[in-house]
Amino acid sequence: MSRASADADDGDGDGDLRGVIEFVEDRVPFEPGYYNEAYLGRRIAARMQRRDADDHAEYRALLERDDEEREALLDALTINVTGFFRDPDMWADLRPVLRELSAENGRDGVDVWSAPCADGREPYSLSMLAADDPEVDERRVRIVAVDISEEALEAARVGLYETTRTTDIGEELAPLSNPEAYVEREGDTFRVRESVKSRVTFEPYDLVSDGAKGGMDLVFCRNLLIYIDSEYKEPLFETLRDSIRPGGYLVLGKTETVPPGCRDAFEPVEKRSRIYRYTG
Ligand SMILES: C[S@@+](CC[C@H](N)C(=O)[O-])C[C@H]1O[C@@H](n2cnc3c(N)ncnc32)[C@H](O)[C@@H]1O
């Protein structure tokens, strides 16, 4: 039994949530044990409300008989919220870091890991920023972008994004001096140009169990740690640490921090932006 399942069975009456989590474990291609129970509970509750299920038992029965609901739940559990230049202050603070890395002599390029990358907007933002900043040599920048979700990676490789009621892509690209140089726009649809794509490679990767990449100059791990169960946080963080070369940089999400056991090795470059230098 996973940690999340065990925690849900705490005898205070939410054992039905455990039933749903166990169902997910067995019948939905998702590993609930990685994620914290509060997060799982919220996502499941949102689906229950949507389907008018009065309690967990009723929702579980619905999952048993309804293929589409299983798909919808999988969709809801996969935390795929992202954006171009998400947290614009961070991207502004990142420019000097990128300039420094690109100017470093004696290295054959700047290796970046975007982990996790969701639908590609994070690694494409970096690729665009490198080309947009006159002090960065974008030809030296190589980005490996990974995610556990094949569906997200598929969308990322296509590189087509649409303005909707909740997402204004044109607005997301505002930090660029000349967005048209990086995306081809047709009405509400934005296609990432080949020049931007050429610096990014996408790969499937499980950041909890696949281990470190090694030798990276810059690692982004934004907005995943917040969902991860405490049991897996430290190992995940060690994976990040072991992927960065000494002197390289780490960027976390706006509400994420370096775990206490690793703080000595990471000095904040910009605390508000969660950019850290790995001292080794
Ligand atoms: C909220 S998005 C973050 C995307 C981007 N870093 C950002 O901040 O905008 C979280 C992503 O983590 C991915 N993910 C969840 N568990 C993962 C794991 N164990 N290994 C790799 N990626 C994972 C999800 O598929 C999702 O695309």
Side-chain angles (χ1 to χ4, degrees), residues 2-4 24-25 28-40 42-43 46 71 73-91 93-94 112-129 143-159 161 166-169 171-173 175 192 200-213 216 218-240 242-243 249-257 273-275:
S2 78
R3 172 72 184 273
V24 170
E25 214 161 31
V28 180
F30 181 82
E31 174 46 82
Y34 288 171
Y35 307 94
N36 64 56
E37 190 197 320
Y39 165 73
L40 296 172
R42 277 198 306 276
R43 291 285 162 140
E71 283 290 316
L73 179 60
L74 176 62
D75 233 37
L77 289 171
T78 312
I79 331 119
N80 50 13
V81 177
T82 190
F84 286 108
F85 298 99
R86 184 177 188 180
D87 307 326
D89 287 348
M90 186 288 287
W91 292 94
D93 291 340
L94 191 72
V112 184
W113 203 28
S114 169
C117 65
D119 70 7
R121 282 182 275 172
E122 178 181 278
Y124 286 145
S125 298
L126 185 78
S127 177
M128 291 177 190
L129 186 75
I143 305 163
V144 176
V146 303
D147 203 281
I148 200 170
S149 159
E150 291 281 358
E151 208 183 329
L153 291 169
E154 204 42 57
R157 289 188 188 101
V158 172
Y161 304 93
T166 50
T167 320
D168 185 334
I169 303 289
E171 212 166 82
E172 288 184 4
L173 296 171
V192 174
V200 188
T201 314
F202 292 99
E203 287 176 10
Y205 210 87
D206 182 339
L207 288 159
V208 176
S209 62
D210 285 349
K213 244 337 194 196
M216 292 288 157
L218 173 61
V219 169
F220 287 78
C221 184
R222 302 164 70 221
N223 305 300
L224 172 61
L225 284 160
I226 37 170
Y227 303 108
I228 294 287
D229 191 74
S230 50
E231 183 184 349
Y232 295 102
K233 259 189 193 156
E234 197 107 3
L236 198 162
F237 203 86
E238 282 162 13
T239 292
L240 301 177
D242 297 344
S243 301
Y249 294 87
L250 171 68
V251 185
L252 298 180
K254 200 163 78 179
T255 58
E256 294 163 331
T257 52
S273 303
R274 302 288 195 261
I275 302 176

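What you see is a predicted model; the values in this text were computed from it and never measured. Each ligand, and each atom within it, is numbered from 1 in the order the structure gives.
Annotation: the span from L74 atom CG to F30 atom CZ amounts to 7.5 Å, rounded to 0.5 Å. Rounding to the nearest 0.5 Å places CG of L240 at 13.0 Å from CZ of F220. Here the CG atom belonging to L207 is positioned 10.0 Å from the NZ atom belonging to K213, to the nearest 0.5 angstrom.
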At less than 3.5 Å, what protein N or O atoms come close to the N or O atoms of ligand 1? Include the distances to 0.1 Å.
from, atom 1, to, atom 2, distance (Å)
ligand 1, 6 (N), P116, O, 2.8
ligand 1, 6 (N), E122, OE1, 2.9
ligand 1, 6 (N), R222, O, 3.0
ligand 1, 8 (O), R86, NH1, 3.2
ligand 1, 8 (O), R222, O, 3.2
ligand 1, 8 (O), N223, ND2, 2.8
ligand 1, 9 (O), T82, OG1, 2.6
ligand 1, 9 (O), R86, NH1, 2.9
ligand 1, 16 (N), Y35, OH, 2.5
ligand 1, 19 (N), D206, OD1, 3.1
ligand 1, 20 (N), L207, N, 2.9
ligand 1, 22 (N), I148, N, 3.2
ligand 1, 25 (O), D147, OD1, 2.6
ligand 1, 27 (O), D147, OD1, 3.4
ligand 1, 27 (O), D147, OD2, 2.8

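Residues P116 and I148 fail the side-chain proximity criterion, which asks for heavy atoms closer than 4.5 Å.
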Stepwise, does the side-chain contact (heavy atoms from CB on, under 4.5 Å) test hold for Y39 with I226? CA-CA 9 Å; Y39 165 73; I226 37 170; over 6 Å; no

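Under 4.0 Å is where a charged nitrogen must lie from a carboxylate oxygen, and between D87 and R222 at least one such pair does.
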